[in-house]
Peer 1: 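Provided herewith is a single structure, encoded as structure tokens, for subsequent inquiry.
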Amino acid sequence: MENVRNGVSDGGIKDVSRSDFPNDFVFGVATSAYQIEGARREGGKGDSIWDVFSENKDNIVDKSTGDVAVDHYHRYKEDIELMAKLGFGAYRFSISWARIFPDGLGTKINEEGVTFYNNLINFMLEKGLQPFATLYHWDLPYNLHTTIGGWLSDKIADYFALYAEACFANFGDRVKHWITINEPLQTSVNGYGAGIFAPGKCTDAIKDPFLAAHHQLLAHAAAYKVYKEKFKATQAGEVGLVVDCEWAEAFSDKPDDVIATARRFDFHVGWYLDPIFFGDYPETMRKRLGDHLPNFSERDRENLRNSVDFVGLNHYTSRFISHVETPREIHFYQVQEMKRNEIYPSGEAIGDRAASEWLFIVPWGLRKTLNHISKQYNHPKIYVTENGMDEEDSELEKLELHERLNDTKRVGYFKGYIAAVAQAIKDGADVRGYFAWSFLDNFEWAQGYTKRFGLVYVDYKNGLTRHPKASAIWFSHFLKGEGSVY
Ligand code: GBH
């Protein structure tokens with residue numbers, strides 16, 4: 001029987017097995033370079049904006065950095081072996097731009113960086129893991145920030161295209177799935193607006209996010225064009241963009257709330273996908289932002305049009321959205337005139353909370369998000385490129401190691417969310433793959449090491465040793481079609 005609360009159904013999600021998915025459906029794990037690699041000054045790497053941002057101790061809650069992170073740079077073989085042993089078929093990792101071009105300018109390639117990723121990719125293939133490579137997961141070469149202003153510069157797309165071309169040329173014979181940019185909204189809003197992410201720049205917190213978003217879109221399109229014109233025919237791979245999207249459920253059926261919910265989608269996903277699928281920013285954004293929203297030239301439009309072979313979706317949580325009247329200032333949040341609510345109108349929480357304040361466990365929200373994107377953009381191919389939940393390090397600290405590995409809440413999270421993906425496929429969404437975030441506990445950006453998202457526990461105090469949690473074991477049983485032990 002379906003569980004229905006306030007008209008919201010969980011879709012009858014109960015249990016899930018590998019056989020609910022097509023054979024060629026991809027199950028993988030995801031990470032990003034700055035969060036796991038470490039080796040900040042090794043292998044000829046240049047600094048990225050995150051290297052410098054985390055040097056300022058006010059920026060990271062536990063005053064940590066990714067200088068060493070979980071030392072994946074040196075332990076990649078052990079990590080990949082474990083992924084393969086658990087039964088995963090794919091690994092989504094990101095390439096550090098500053099390992100390939102230390103100053104970002106695209107003139108002098110760093111051979112040591114190329115060798116590192118060659119080794120990584122070759123080892124993945126040897127172990128039967130398909131590589132899904134992200135070109136940009138927030139670690140812009142610092143030199144591009146200081147010399148041209150990073151994502152605020154209209155020159156950035158050219159540099160990004162040079163970098164993308166170097167990656168396609170060096171790795172594209174083996175990498176068949178490329179992601180240009182991870183969650184451009186986070187870079188725009190948190191990197192250039194709120195300033196809680198690198199580069200932490202908020203000189204014009206009003207205008208800058210929209211400019212940074214615009215240039216990320218143009219950079220994405222430029223990289224897509226390079227692939228299409230120079231590599232597609234010989235390499236036959238696919239290139240996509242990853243957006244982050246919470247599910248937004250209307251708080252009530254009042255027209256104002258329903259419209260506010262649609263507006264939120266426009267400002268979050270439409271901001272990036274409308275220019276790609278429809279040729280311009282959403283009408284609501286144009287209306288409310290006026291001149292603050294940059295314009296696309298005819299050429300930009302042409303390059304952007306259909307510039308994805310798939311949509312990557314990072315999804316973690318859901319909210320109720322209600323309309324609130326705010327002074328319609330051109331501020332990213334205020335201009336949206338909406339409020340995110342964590343409770344049902346009845347007063348019940350939307351879901352159990354994970355460790356992060358923003359993360360509520362709402363499996364049905366993923367089903368709805370997939371269906372929404374599918375309908376909105378005419379059934380694109382979709383990969384769920386991130387999905388997962390965290391635990392509080394300070395809570396786990398109080399426990400013995402074997403108890404820390406017993407992450408039953410996370411097992412429940414994955415069961416529920418993976419079942420929601422199976423439901424969305426039945427509903428007609430063209431979902432091709434699912435990546436759990438994250439393979440390992442790692443550097444959680446401004447939260448440092450205080451939040452643990454891993455399937456595999458990393459013992460920060462004892463030589464960074466790796467210990468699979470119950471969720472990793474659950475995955476392993478799930479993937480191998482064995483009866484679940486949890
Ligand atoms: C993903 O972003 C990232 O791609 C990944 O690198 C990261 O580790 C993972 O999520 C887990 O966070 O409440 O103001 O502190 C997901 C989008 C962006 C959602 C930041 C939470 C916190 C902002 N996340 N946001 S705030």
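For reference, positions follow the sequence shown, starting with 1. Order of appearance sets the numbers: ligands from 1, and atoms from 1 within every ligand. In this text, all values refer to a predicted model and were calculated from it rather than measured experimentally.
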Peer 1: Counting each atom of ligand 1 from 1 as listed, which ones have a heavy atom of N314 under 4.0 Å away?
Peer 2: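 By the 4.0 Å cutoff, the relevant atoms are 4 (O).
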Peer 1: Which value, rounded to the nearest 0.5 Å, describes the distance between D441 atom CG and Y457 atom OH?
Peer 2: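 Taking CG in D441 and OH in Y457, the distance rounds to 7.0 Å.
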Peer 1: Decide, yes or no, whether a salt bridge links E403 with K398 under the criterion of side-chain N to carboxylate O below 4.0 Å.
Peer 2: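 No, no charged N to carboxylate O under 4.0 Å.
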Peer 1: For atom 21 (C) of ligand 1, what is the closest protein heavy atom, and at what distance to 0.1 Å?
Peer 2: W358 CE2, 3.1 Å
Peer 1: Examine the proximity of ligand 1 to F197 and report which part, side chain or backbone, both or neither, has a heavy atom under 4.0 Å away.
Peer 2: side chain
Peer 1: Is the contact between N442 and ligand 1 made by the side chain, the backbone, both, or neither, using heavy atoms and a 4.0 Å cut-off?
Peer 2: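 Answer for N442: neither.
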Peer 1: Does a salt bridge link R466 with D459, judged by any charged N lying under 4.0 Å from a carboxylate O?
Peer 2: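 Between D459 and R466 there is no salt bridge, as every charged N stays at least 4.0 Å from the carboxylate O atoms.
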Peer 1: Check this for me, if you would: do R40 and D47 make a salt bridge, where the nitrogen-to-carboxylate-oxygen distance has to be below 4.0 angstrom?
Peer 2: yes
Peer 1: Just to confirm my output: which protein heavy-atom neighbour is closest to atom 12 (O) of ligand 1, and how far is it?
Peer 2: E444 OE2, 2.5 Å
Peer 1: When F88 is tested against each of F439, Y434, F475, F435 for ring-ring contact (aromatic ring centres under 6.0 Å, His included), which residue passes?
Peer 2: F475
Peer 1: For atom 10 (O) of ligand 1, tell me which residue out of W445, Y316, W437 has the closest non-hydrogen atom.
Peer 2: Y316
Peer 1: Can you find a non-hydrogen atom of Q447 under 4.0 Å from ligand 1?
Peer 2: no
Peer 1: What residue and atom, counting heavy atoms only, is the protein's closest point to atom 26 (S) of ligand 1, and at what distance?
Peer 2: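 Ranking protein heavy atoms by distance from atom 26 (S) of ligand 1, first comes I196 CD1, 4.2 Å.
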Peer 1: Before signing off on this row, confirm whether S32 and ligand 1 have an N or O atom pair separated by under 3.5 Å.
Peer 2: no
Peer 1: N/O of W138 under 3.5 Å from N/O of ligand 1, yes or no?
Peer 2: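 Looking only at distances, the answer is no, because the N/O contact criterion of under 3.5 Å is not met.
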Peer 1: If we only consider heavy atoms of E357, is any one of them less than 4.0 Å away from an atom in ligand 1?
Peer 2: no
Peer 1: Using a strict cut-off of less than 4.0 Å between a Lys/Arg side-chain nitrogen and an Asp/Glu carboxylate oxygen, indicate whether E392 and R452 qualify as a salt bridge.
Peer 2: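 R452 and E392: not salt-bridged.
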Peer 1: May I ask which of Q35, E246, E386, M389 has a heavy atom nearer to atom 4 (O) of ligand 1 than the others do?
Peer 2: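 Ranked by closest heavy atom to atom 4 (O) of ligand 1, first place is E386.
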Peer 1: Report the C-alpha separation of E249 and W247 in whole Å, then their side-chain angles, then the decisive distance to 0.1 Å, and conclude whether the side-chain hydrogen bond (donor to acceptor under 3.5 Å, both in side chains) test is met.
Peer 2: CA-CA 6 Å; E249 180 81 21; W247 175 248; 2.7 Å; yes
Peer 1: Checking a contact table here: which protein heavy atom is nearest atom 17 (C) of ligand 1, and how many Å away?
Peer 2: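 Protein heavy atom with the smallest distance to atom 17 (C) of ligand 1: E183 OE1, 3.5 Å.
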Peer 1: Consider only side-chain N and O atoms of D257 and H323, and report whether a donor and an acceptor are under 3.5 Å apart.
Peer 2: no
Peer 1: In terms of residue, atom name and distance, what is the protein heavy atom nearest to atom 20 (C) of ligand 1?
Peer 2: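 Looking only at protein heavy atoms, the one closest to atom 20 (C) of ligand 1 is Q186 OE1, 3.5 Å.
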Peer 1: Quick one, Y413 with S471, criterion side-chain hydrogen bond (donor to acceptor under 3.5 Å, both in side chains). Give me CA distance, side-chain angles, the key distance, then yes/no.
Peer 2: CA-CA 9 Å; Y413 181 101; S471 55; over 6 Å; no
